[in-house]
Amino acid sequence: MPAGLVLAVPDPRIAKMLRAARVHLTVPLATSVDEAERLLAARPPRIVRNHELPYDPTASTLARTYLRLAGEDWDLPDELHDAAQAVITELVTNAVEHARTGCVLHLALDERRLHISVNDHRPDPHRLPQPGVRDSPGYGLLIVEGLSRHWGVTPHDDGKSVWAILDTDPASRKG
């Protein structure tokens with residue numbers, strides 16, 4: 001998938017500010033129109049999408065739809081798409097059932113990995129799922145653990161992010 005947006009930034013001061021703001025991680029910066037045209041024809045090093053999901057039983061279905069659309073745009077291999085679909089289903093279902101809030105699905109793809117994160121809006125530091133701990137009911141997080149290179153939980157003041165990293169290289173992938 002080629003880049004859909006490139007910023008042509010002839011002023012070095014503006015380019016420096018954009019890099020400091022980390023804009024270049026999601027939108028390529030060019031120093032000329034010729035470079036911008038070359039960058040438009042190339043895939044960016046990292047592609048990111050975020051989707052708000054409702055506190056509703058349909059949230060997992062919506063998340064899988066967003067993944068399918070991103071997967072088509074990003075040319076995800078079927079095997080990676082299938083693993084990501086299982087991980088997203090579990091993480092979004094857990095957010096809806098246990099946090100009882102809407103959530104944000106975050107997808108980020110680079111040449112080595114697909115990063116999936118589901119951010120809910122329920123801060124509860126006493127009920128954070130733990131990687132490697134198998135004392136919770138169901139098998140959802142065991143599925144996430146089995147399909148991911150790494151997974152974990154990051155608490156925030158207004159909730160938590162449960163995330164998983166999947167390898168893009170089939171030889172490196174679990175499962």
Side-chain angles (χ1 to χ4, degrees), residues 1-5 7 18-29 43-125 127-131 140-169 172-175:
M1 176 188 108
L5 175 67
L7 294 176
L18 291 170
R19 282 190 175 79
R22 303 175 56 93
V23 169
H24 67 287
L25 296 176
T26 54
V27 179
L29 303 179
R43 181 183 190 141
R46 183 180 166 138
I47 309 166
V48 177
R49 290 199 183 168
N50 293 301
H51 302 283
E52 291 275 342
L53 298 168
Y55 170 51
D56 187 271
T58 64
S60 291
T61 302
L62 288 170
R64 287 190 299 272
T65 299
Y66 294 140
L67 172 66
R68 182 181 52 77
L69 295 171
E72 289 171 0
D73 289 346
W74 298 348
D75 295 323
L76 289 184
D78 290 344
E79 190 176 315
L80 177 58
H81 178 271
D82 293 347
Q85 183 170 295
V87 168
I88 284 171
T89 299
E90 295 303 329
L91 297 184
V92 171
T93 298
N94 283 351
V96 171
E97 289 181 2
H98 301 294
R100 297 177 188 227
T101 70
C103 56
V104 178
L105 172 64
H106 173 80
L107 302 170
L109 178 69
D110 63 32
E111 66 183 35
R112 297 182 313 164
R113 66 187 65 90
L114 173 63
H115 182 270
I116 300 166
S117 177
V118 174
N119 306 344
D120 68 39
H121 307 292
R122 181 177 181 194
D124 190 355
R127 297 191 55 199
L128 295 178
Q130 299 296 314
L141 293 177
L142 292 175
I143 292 169
V144 171
E145 183 176 23
L147 294 172
S148 306
R149 169 159 299 278
H150 302 289
W151 79 277
V153 181
T154 304
H156 303 285
D157 289 340
D158 64 343
K160 66 186 163 302
S161 299
V162 184
W163 53 267
I165 298 172
L166 284 69
D167 291 320
T168 57
D169 177 16
S172 304
R173 215 172 299 133
K174 291 183 186 181

Any idea which heavy atoms bring Leu166 and Ala84 closest together, and the distance?
CD2-N, 3.6 Å
Leu67 vs Leu76 side-chain heavy atoms within contact, under 4.5 Å
yes
What's the shortest heavy-atom distance between Ile143 and Ala86, and which atoms?
CG2-CB, 4.4 Å
Distance-only donor-acceptor pairs under 3.5 Å for side chains of residues 104-111, two or more places apart:
unit_1: His106; atom_1: ND1; unit_2: Asn50; atom_2: OD1; d: 2.5
unit_1: Asp110; atom_1: OD1; unit_2: Arg112; atom_2: N; d: 2.8
unit_1: Asp110; atom_1: OD1; unit_2: Arg113; atom_2: N; d: 2.8
unit_1: Asp110; atom_1: OD2; unit_2: Arg113; atom_2: NH1; d: 3.4

Suppose we screen for ring pair (Phe, Tyr, Trp, His ring centres under 6.0 Å). Which residues come up paired with His51, at least two apart in sequence or across chains?
Tyr66
Could you go through the side chain to side chain contact (heavy atoms under 4.5 Å, CB included) check for Val162 and Asn94 one step at a time?
CA-CA 9 Å; Val162 184; Asn94 283 351; over 6 Å; no
Looking only at heavy atoms, which two atoms of Pro28 and Leu5 are closest? And how far apart?
CD-O, 3.3 Å
So, for Ala63 and Val92, which heavy atoms are closest and what is the spacing to 0.1 Å?
CB-CG2, 3.8 Å
For residues Asn119 and Ser161, determine if any side-chain heavy atom of one lies less than 4.5 Å from a side-chain heavy atom of the other.
yes
Given the rule in the side chain to side chain contact (heavy atoms under 4.5 Å, CB included) test, do Thr89 and Arg64 qualify, once you have shown the distances and angles that lead to the verdict?
CA-CA 7 Å; Thr89 299; Arg64 287 190 299 272; 3.1 Å; yes
List for me each residue that meets side chain to side chain contact (heavy atoms under 4.5 Å, CB included) alongside Ala99, sequence neighbours excluded, and say none if there are none.
Thr101, Asp120, Arg122, Lys160
Heavy-atom nearest pair, Tyr55 first then Arg100, reads CE1-CA, 3.4 Å
Distance (rounded to the nearest 0.5 Å) between Glu90 CD and Leu142 CG:
9.5 Å
Any heavy-atom pair between the side chains of Ile116 and Trp163 that's under 4.5 Å?
no
Any luck finding a side-chain donor-acceptor pair between Arg68 and Thr65 under 3.5 Å?
no
dist His121:NE2 -> Asp158:CG (nearest 0.5 Å) comes out at 7.0 Å
State, with a plain yes or no, whether a side-chain heavy atom of Trp151 is found less than 4.5 Å away from one of Leu91.
no
How close do Ala59 and Pro54 get, counting heavy atoms only, and between which atoms?
CB-O, 3.4 Å
Taking atom CG of Leu69 and atom CZ of Arg49, what is their separation to the nearest 0.5 Å?
7.0 Å
Measure the CZ-OG1 distance between Arg149 and Thr168 for me, rounded to the nearest 0.5 Å.
10.0 Å
What's the spacing between Leu147 CG and Asp82 CG if we round to 0.5 Å?
10.0 Å
